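This structure is a prediction, so every number in the text was calculated from the model and none was measured.
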Number of protein chains: 2
Amino acid sequence: MNKDAGRPAKRLSSHERRSLILDAAATVFFEQGYSATSMDAIIERVGGSKRNIYNEFGSKEGLFTAIVSEAAESALRALTAEEIGGRNLRETLTEFAQKLIEIYMSPKLIGVYRVTMAEAFRFPDLAKAFYDRGPGRTALRLAEVLEDAKQRGEIEIDDCRIVADHFTGMLRDNIHLRVVLGLQPPLTVDEKKKVVDSAVAIFLDGILTQPKRPQ
Amino acid sequence: MNKDAGRPAKRLSSHERRSLILDAAATVFFEQGYSATSMDAIIERVGGSKRNIYNEFGSKEGLFTAIVSEAAESALRALTAEEIGGRNLRETLTEFAQKLIEIYMSPKLIGVYRVTMAEAFRFPDLAKAFYDRGPGRTALRLAEVLEDAKQRGEIEIDDCRIVADHFTGMLRDNIHLRVVLGLQPPLTVDEKKKVVDSAVAIFLDGILTQPKRPQ
DNA sequence: CCAGCGTGGTACGTTGCGTTACCATAACCT
DNA sequence: AGGTTATGGTAACGCAACGTACCACGCTGG
C-alpha cells in the first residue's frame, strides 16, 4: 500500500534525479547543440543508466523540450513574478532594464537563446513558447507601461509596441551578441550598470544637444 | 601540357560548380544546422558526386566554413562597400539604418546569424570573423560617425562605442528575433521604413514630451 | 532475514553519416 | 579520332549514436 502514494521512495528521489539529469543535459545541449549532443555524453556527466533518462523523458526530443522549457521558465521567472513599480518613468525603465540585462546575460538564458535559435526549424513550438514567455511578454509589459505614460502625456510616441521592441533591443545589442558568441566574458556589475544607464538615457532623452523643437 | 595553366576546362567551370555547391549547402546548413546536415542531403540537392565536394572543400568542416565566410561576406558587402554620406546626422543615420535592416533581414544573413550563433563553440574563429566583419565593423563605423558629430557639438554622449551598439541593437530588436525564430515573415518595405524611422527618431530625440533641460 | 524492485553498468541491434574507393561515361586536347 | 581526365553514381568501410536488453547489486519492506 505504500506505492499508491504517487512515487515510491528511491535512493534519490525522483525529483532530485530528474533535476540532476536536466542540469547535466542542459550543459551539454547548450554547448554542443541538439544534434551534436549524444545521450552517452549526458550519462557520462550525470552518471547512472540511460534507462533513467528514457523512463523519465521518453526520448531525446522529450528531454530536450523539457530542458528548454524548464530552463526558460526558471530564468524568466524573476521577470514575470516581480512587479515593476518605479516611481517615475525613468526609474521604472531603469529597474526594468536592470532585470532584463541580468536575465539576458545569465549563462542559462544565453544557452536557451542559442539553442532555441539554432533549432527553431526543428522545434517551432519551442521557439514560439520561448519568445512568448520571454522577449514577447517583456515587450508587451513594457508597451503597457509606455502606453500609460503616453496617456498621462509624459511621452509622445506613435506605436508603443515598436518602441518597446526598440528599448529591449538596446539591451540585447552587440554586447549581448559578443557574449552569446563567446567573444567576451559576461558583463561585470559596473558594465551592466553603465549599459543600462546609457540605454535609458538615450531612450528618454535622445542624443541631440539641442532640445526637441517645442513646436 | 595544357594543364599547366591552372585548371583545365570542365563541363561546368570550376567556379560555377563551386558556387552551386555553396548555394545548395548553404540552404541545408542554414535550415538544419551543422550537425544535422548530411553530405548526402547536400548532394541530393546539388546533384553530382560527393567526390566533387571533397575535392573542392576537403571535408564537412571545410565546406561549412567556406559557406559561412562566403555568405557573410556577400551579405555584408553592401554595407562595407558603399559610403555613408548623408548631409546631416539624421539623414546619415536613416541611410545607415536602412542598409542595416535590409542586410539583417535578408534570408542569407539570417541563416548565417543562426548558424554562427549555434556553432560558436565549435567554430570560434568563424564566430569572431562574422562578428568582426559584420556587427563589429558596423558599430565601429557608426561610432566614428557619432564621434565626428560629437566633435562638432551636435550631440552629447559619453561612450560612442556603447551608443553605437545601442543603435544597432534597436535595429536588431524583437522584430528581428521573431523573423530569426521563424515566427514572422520577413518585413515588407513599409514595415522596414517604419522601424527605421522610429529607431532614428528615438535615438536622436528620445521619447520624452518635454525637451531636455538646457542646463 | 528474505523476496522484490529500482538502479548502475555494460553490451547489443540497427541506423545513419563522413569519407574513400571503384567503375562507366562524356567531354577536352592534340 | 583516340586517349586522358574529370564527373556521376553506387557501394563499401568505420564509427558514432539512439534506443533496448541483460545482469548484478543494493535498497525497500515485511
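Residue A:N55 contributes atom CG, which lies 13 Å from atom P of D:dG19 at whole-angstrom precision. Nucleotide C:dC17 holds its P atom 16 Å from the CG atom of B:L63, rounded to whole Å. B:L20 places its CG atom 13 Å from the P atom of D:dT7, with the value rounded to the nearest Å. In this entry the distance linking NZ of B:K60 with P of C:dG16 reads 15 Å, nearest Å. Counting to the nearest Å, the P atom of D:dC27 and the CZ atom of A:R17 are 14 Å from each other.
Judged purely by distance below 3.5 Å, without hydrogens or angles, the side chains of A:R122 and A:S35 pair a donor atom with an acceptor atom. A donor atom on one side chain and an acceptor atom on the other are not found under 3.5 Å apart for A:T94 and A:E91.
Between B:F96 and B:F167, the ring planes are tilted. Angles from 30° to 60° get that label. Ring geometry, B:Y34 versus B:F123: the interplanar angle exceeds 60°, so the pair is classed perpendicular (tilted spans 30 to 60°).
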Checklist line | B:L142 and B:L93: CA distance, side-chain angles, deciding distance, side chain to side chain contact (heavy atoms under 4.5 Å, CB included) verdict | finding: CA-CA 9 Å; B:L142 179 57; B:L93 283 179; 3.6 Å; yes
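A:C160 has its side chain within reach of A:E147: a pair of non-hydrogen atoms, C-beta onward, lies under 4.5 Å apart.
Taking every heavy atom of residues 29-53 of chain B and every atom of DNA chain C, pairs under 4.0 Å involve B:T37, B:S38, B:M39, B:K50, B:R51, by number.
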